[in-house]
Amino acid sequence: MIFFALIAALLLEHFFPLGHPLPHYAAYSRYTQYIERQLNAGQYQHGVLAWLAAVLPILIGVAVVYFVLHHISPLLAWGWSALVLYLTLGFKYFSQITERIARALEAGEIDTARALLADWRGLDASQLDADDIARLTAERCFESAHRQMFGIIVCFVLLSPLGPIGAVLFRLASILGRKWGSIDAAGQFGEFAARAFHWINWIPLRLSALSFAVAGDFEDAMYCWRTQAADWPDRENGILLASGAGALGVRLGLPIHDANGLVQRPELGLGDHAEPQYLDSSISLVWRVLGIWLLLLLLMTVAKLAG
């Protein structure tokens with residue numbers, strides 16, 4: 001059922017892509033803001049309570065619906081899993097926006113590319129040149145491929161006996177890690193959100209990085225992972241980006257221009273400088289990884305049915 005639920009979710013997303021901003025994401029953001037206002041007194045224990053309040057009710061609700069439907073009919077439970085996956089995955093969105101930025105750069109429409117990237121990252125892009133945009137877009141593509149697809153799939157598979165709660169757990173932990181996980185912004189309140197996502201993400205992130213290597217230049221990807229990832233400010237993201245850049249044969253990282261001037265960043269990857277065609281290659285790499293994962297899940301499904 002895991003394989004067929006995932007296929008159904010991907011087909012739903014392809015033919016009926018969700019609008020952005022996502023309405024259920026906006027509703028969840030309002031919910032987390034309410035919890036933060038009520039519980040954020042700046043202490044670590046308050047962050048633990050807030051995280052549990054933001055995650056457990058939804059996980060319990062998703063699990064209860066799954067088991068009730070499974071009691072009625074396994075087919076209904078399968079449909080529920082496919083629907084939940086559809087609502088948590090985001091492949092269509094990040095692949096489309098990467099392609100739109102690539103087309104804008106190819107056409108010399110730098111202002112359009114800046115606006116698209118700024119809207120996607122939620123950060124100012126007015127000072128970025130074409131090279132900066134290409135590198136940041138490729139990096140964002142790899143990060144989104146993991147956070148909005150591969151990480152969700154891994155947790156869905158690992159916790160599949162409990163229905164689709166693995167997908168929901170990863171998505172919620174990822175959101176809270178971003179919202180509350182900055183120690184500078186949230187003090188001790190956000191520490192637990194950051195730690196929780198770190199441990200939930202530990203296996204999925206490394207599987208994503210390894211899959212990039214398998215689907216691309218394996219030797220260069222593993223070399224960049226070993227030698228460059230630790231230099232990145234966020235070492236976890238460094239693993240993902242170094243592997244993706246090495247697999248693709250492109251140089252990411254490097255200094256970028258923003259409103260405050262030149263921002264120094266370590267180099268990731270090997271080979272050529274990022275250009276618009278490499279954005280298409282990054283999407284192709286993600287597609288290849290998805291194909292490998294689907295093939296593995298199909299083989300596991302066939303083996304299970306045959307047994």
Side-chain angles (χ1 to χ4, degrees), residues 13-15 17-22 25 89-150 178 208 212 215-217 220-221 224 228 231-234 237-238 240-291:
E13 191 191 20
H14 178 75
F15 291 108
L18 296 169
H20 285 265
L22 298 172
Y25 176 81
L89 292 173
F91 179 47
K92 188 81 171 179
Y93 175 67
F94 77 78
S95 60
Q96 281 188 337
I97 196 168
T98 300
E99 291 170 355
R100 289 172 63 192
I101 294 173
R103 300 293 80 78
L105 290 175
E106 288 177 348
E109 299 172 355
I110 303 298
D111 288 339
T112 300
R114 285 183 183 131
L116 289 168
L117 183 60
D119 182 62
W120 190 14
R121 297 176 70 232
L123 298 172
D124 178 69
S126 59
Q127 303 301 314
L128 300 177
D129 60 26
D131 289 342
D132 295 338
I133 294 171
R135 280 183 277 118
L136 288 173
T137 302
E139 292 166 14
R140 185 72 171 181
C141 177
F142 289 139
E143 291 173 353
S144 297
H146 171 67
R147 282 182 176 259
Q148 295 174 222
M149 188 167 63
F150 297 134
R178 285 181 176 272
S208 293
F212 286 149
D217 188 322
D220 283 354
C224 294
Q228 298 176 338
D231 295 331
W232 197 249
D234 181 345
N237 265 349
L240 192 71
L241 298 179
S243 178
L248 204 59
V250 67
R251 296 168 64 198
L252 301 179
L254 301 171
I256 59 169
H257 302 82
D258 71 2
N260 298 317
L262 193 66
V263 178
Q264 297 296 331
R265 305 189 309 162
E267 181 179 77
L268 296 174
L270 302 167
D272 300 328
H273 286 281
E275 295 179 358
Q277 64 266 26
Y278 278 104
L279 299 184
D280 293 326
S281 298
S282 66
I283 291 296
S284 296
L285 179 65
V286 171
W287 269 110
R288 292 198 298 275
V289 172
L290 179 59

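These figures come from a predicted structure and were not determined experimentally.
- Side chain of Q228 to backbone of G269: a donor-acceptor contact under 3.5 angstrom is found.
- In this structure, T112 has no side-chain hydrogen bond (donor to acceptor under 3.5 Å, both in side chains) partners at least two apart in sequence or on a different chain.
- Residues satisfying the salt bridge (Lys or Arg N to Asp or Glu O under 4.0 Å) test with R135, not counting sequence neighbours, are D132.
- Expressed to the nearest 0.5 Å, how far CD1 of I256 lies from CG of L262 amounts to 8.5 Å.
- Taking S144 as the reference, F94, W120, R140, Q148 meet the side chain to side chain contact (heavy atoms under 4.5 Å, CB included) condition, with sequence neighbours excluded.
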Under 3.5 Å, side-chain donor or acceptor atoms of residues 240-252 against the rest of the protein: list the pairs with distances, not counting sequence neighbours.
| from | atom 1 | to | atom 2 | distance (Å) |
| --- | --- | --- | --- | --- |
| S243 | OG | A209 | O | 2.5 |
| R251 | NE | E267 | OE2 | 2.7 |
| R251 | NH1 | H273 | NE2 | 3.0 |
| R251 | NH2 | E267 | OE2 | 2.5 |

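- Legend: residues meeting side-chain hydrogen bond (donor to acceptor under 3.5 Å, both in side chains) with E139, ordered by chain and number and at least two apart, are R265.
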Checking side-chain contact (heavy atoms from CB on, under 4.5 Å) for the pair T98/V286: CA distance, chi angles, key distance, verdict? CA-CA 12 Å; T98 300; V286 171; over 6 Å; no
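- Applying the side chain to side chain contact (heavy atoms under 4.5 Å, CB included) rule to P266 yields the partners D231, W232, P233; only residues at least two apart in sequence or on another chain are considered.
- Considering only residues two or more places apart in sequence or on other chains, D217 meets the salt bridge (Lys or Arg N to Asp or Glu O under 4.0 Å) condition with none of them.
- The backbone N or O of K92 lies less than 3.5 Å from a partner atom in the side chain of E13, making a donor-acceptor pair.
- Checked against T137 for a side chain to side chain contact (heavy atoms under 4.5 Å, CB included), the options L128, L279, L105 give a single hit: L279.
- The shortest non-hydrogen separation linking A130 to I110 is CB-CD1, 3.8 Å.
- Within the structure, the side-chain hydrogen bond (donor to acceptor under 3.5 Å, both in side chains) test picks out the following pairs touching residues 280-291 (sequence neighbours left out): R103-D280.
- By the side-chain hydrogen bond (donor to acceptor under 3.5 Å, both in side chains) test, S208 pairs with H146, sequence neighbours left out.
- When every heavy atom of V289 is checked against every heavy atom of A215, the shortest pair comes out as CG2-CB, 3.6 Å.
- For D124, the side-chain hydrogen bond (donor to acceptor under 3.5 Å, both in side chains) partners at least two apart in sequence or on another chain are S126.
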Check the pair L18 / Y93 against side-chain contact (heavy atoms from CB on, under 4.5 Å), numbers first and verdict last. CA-CA 8 Å; L18 296 169; Y93 175 67; over 6 Å; no
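- Sorted by first and then second residue, the pairs that involve residues 108-119 and meet salt bridge (charged side-chain N to carboxylate O under 4.0 Å, His left out), not counting sequence neighbours, are D111-R114.
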Evaluate I283 against C141 for side-chain contact (heavy atoms from CB on, under 4.5 Å), listing each step before the verdict. CA-CA 8 Å; I283 291 296; C141 177; 3.6 Å; yes
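- Minimum interatomic distance between I133 and I101 (heavy atoms only, all atoms of both residues): CG2-CG2, 3.8 Å.
- For F142, the ring pair (Phe, Tyr, Trp, His ring centres under 6.0 Å) partners at least two apart in sequence or on another chain are F212.
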